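What follows is one structure encoded as structure tokens, with my remarks underneath.
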Amino acid sequence: MPHDDLSHDHEQGRDHGVPPDPAHPSKRPVEPEHPMSLEGGVVFGDTGLMLRILAEELLMTGITPQDLDRMSHDSNYQALLAGRAALGDAAVDEILRAAAARVGSHHHRTWESSDEYRPATLTVSAGRSGGPRQGN
Amino acid sequence: MPTVYNWQLGRPMEFPYAEAHPRTQFAFVFNINRCIACQTCSMSCKSTWTFGRGQEHMWWNNVETKPFGGYPRFWDVRLLGMLAQANPGKQAWDAGKPGTHEAPYGRFDGKTIFEATEGLVTPDGAKRALGYLPTEDEWAAPNIFEDHARWALDQALPAGAKLPEHKVWFFYLARLCNHCTYPACLAACPRQAIYKRPEDGVVLIDQSRCNGYQKCVEACPYKKSIYRSTTGTSEKCVACYPRLEGKDPLISPNGEPAETRCMTSCVGKIRLQGLVSVDPDGKWAADPTNPIYYLVRERRVALPIYPQFGTEPNGFYIPPRWVPRNYLEQMFGPGVGHAIEQYSCPDRELLAVLQLFRTTQQIIFRFEIEKGPKVAEIEVTMPDGSSRAQQIFNDTVIGFNKFGKEVVRITIEEPTFERPAIHANSI
């Protein structure tokens with residue numbers, strides 16, 4: 001039998017006199033005193049209302065509708081992504097579109113004029129006198 | 001026990017020490033409608049104060065996903081359960097009367113963590129505050145499994161298992177020490193190692209006196225005092241007091257008080273921190289042009305977190321508009337309805353003050369508003385799902401520092417400058 005990570009764990013366990021369960025933790029049965037047991041009541045909420053208001057809030061901070069749409073597909077923004085999981089893409093797209101139509105994006109853009117502003121050519125050298133740095 | 005007045009409860013309450021109040025009080029307001037849980041605040045605090053050996057599990061600032069999450073795990077659920085057990089069926093507010101300055105949210109008729117210890121004697125003596133010591137497992141991760149709605153639904157459950165059907169909702173709760181007016185950590189310390197600074201109300205642990213009994217860890221209802229095994233002492237948020245004192249030469253060249261690291265790093269612009277003046281009797285001195293006083297006391301749009309615990313926390317939150325009302329009232333008290341009504345469709349003055357969040361590193365002590373023209377009319381969603389028209393005026397709000405110097409000037413329509421692609425990365 002090849003010695004993989006699991007068999008290495010076996011060796012560790014034997015050192016302490018307790019043979020570990022070779023099954024992956026996610027495959028083991030739940031124990032009676034399992035520390036992750038959950039007790040609680042359900043607090044009913046409204047996913048659609050959450051998305052509608054969250055979209056308004058983010059638009060008011062200056063996020064564009066396009067960015068909002070991108071965020072709603074991004075697992076780093078779980079509130080938006082959870083909406084897609086719960087309500088479906090079509091419903092979420094409509095909520096985001098309607099929010100943008102109601103609130104707009106609070107974003108005032110002022111563009112720099114490229115005619116008045118020309119970048120100077122910047123030469124980066126090693127900082128020695130006597131011209132460009134020579135090779136080795 | 002001596003009696004002190006707790007304005008958040010609208011009544012006097014028992015506390016182990018007699019009233020003694022600072023001249024000014026550190027306080028903050030978080031708009032959790034806009035928090036995206038980027039954890040920048042957590043990391044800025046971590047990289048400043050808790051990167052040492054023995055501090056690996058310490059997050060003086062954390063952001064947890066409610067309603068599932070907590071750091072330490074289930075901290076609030078456990079204490080609410082203990083209070084309900086100590087005073088069955090009576091942990092309730094009498095919010096029938098309209099709010100007054102003395103009792104803005106009505107009167108809490110239940111028991112605080114100090115009052116719920118009546119007759120409770122442990123082997124160490126009489127308990128000073130109801131609490132518990134979290135296990136190592138509960139401290140192990142600041143936000144484990146809590147921010148994965150899709151993962152939890154798709155992956156976490158064994159085949160065939162089902163959770164009760166309910167609609168997904170959650171919000172992000174950023175937390176740090178509330179530098180309470182009546183700190184439970186201070187009340188519980190048998191060594192008197194914890195003190196509240198008279199100049200700014202910051203609560204600190206004197207490391208030279210702390211013997212590591214962890215009574216503060218047990219007593220703090222917000223679980224913001226944390227034990228460090230390598231030093232054998234407890235540690236907690238210090239409110240970045242050198243910055244409050246104006247001792248950062250880059251931000252405060254002339255000694256101007258500056259906001260803490262976690263506040264100044266907030267990219268979502270949800271945080272505003274300040275110092276409010278306190279009268280000798282403990283009441284906040286009337287100062288409606290101080291943005292914190294304005295939001296908390298004048299407009300009551302920002303609410304204390306779990307005021308029923310009785311410590312009079314100085315951290316205040318603008319509650320998220322979409323969250324079920326009964327859940328919010330449990331967390332922020334009966335002022336929720338008024339706060340959300342105010343915030344959902346703010347008038348031009350409130351809208352202007354809300355623009356001050358995260359605009360300068362210096363603490364804003366006073367604001368002024370210059371009126372501008374009407375620029376838009378939008379439709380916003382009210383908590384009941386209906387829509388209301390909101391007029392937007394391009395007012396200008398100006399913030400002043402401790403010495404009366406203007407430190408920020410911002411319009412409702414904040415101009416941003418975008419550089420054409422040709423100039424990208426040019427210096």
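Only a predicted model underlies this, so the values are computations on that prediction, with no experimental measurement involved. Each chain gets a letter, A, B and so on, in the order the sequences are listed, and its residues count up from 1.
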Worksheet item: So, for Ile53(A) and Trp322(B), which heavy atoms are closest and what is the spacing to 0.1 Å?
Response: CG2-CE3, 3.7 Å
Worksheet item: Quick one: are Ile36(B) and Tyr77(A) in side-chain contact, heavy atoms under 4.5 Å?
Response: yes
Worksheet entry | Rounded distance [0.5 Å steps], CZ in Arg34(B) versus OG1 in Thr61(A) | 6.0 Å
Worksheet item: Distance from Thr381(B) atom OG1 to Glu57(A) atom CD, nearest 0.5 Å?
Response: 10.0 Å
Practice prompt. Starting at CZ of Phe170(B), measure out to CE of Met50(A) and round the result to the nearest 0.5 Å.
Written response: 5.0 Å
Worksheet, complete the sentence: Nearest heavy-atom contact between Pro324(B) and Gly45(A) is CG-CA, 3.6 Å
Worksheet item: Looking only at heavy atoms, which two atoms of Val380(B) and Met60(A) are closest? And how far apart?
Response: CG1-CE, 3.8 Å
Worksheet item: With a cut-off of 6.0 Å (strictly less than), are more than 12 heavy atoms of other residues, nucleotides or ligands near CD of Gln85(B)?
Response: no
Discussion item. Does atom CD (Glu136(B)) have a neighbourhood of more than 12 heavy atoms from anything else shown, all under 6.0 Å?
Written reply: no
Worksheet entry | Gap separating the CD atom of Glu56(A) from the CD atom of Glu379(B), nearest 0.5 angstrom | 9.0 Å
Item to complete: Can you tell which part of Tyr343(B) gets under 4.5 Å to a heavy atom of chain A, answering side chain, backbone, both or neither?
Response: side chain
Response to the item:
In terms of heavy-atom contacts, Arg52(A) and Ser387(B) come closest through NH2-OG, 3.1 Å
Fill in: Part of Pro67(B) within contact of chain A (heavy atom distance under 4.5 Å)
neither
Worksheet item: If you count heavy-atom pairs under 4.5 Å with chain B, which of Leu58(A), Leu80(A), Leu51(A), Leu54(A) comes out on top?
Response: Leu54(A)
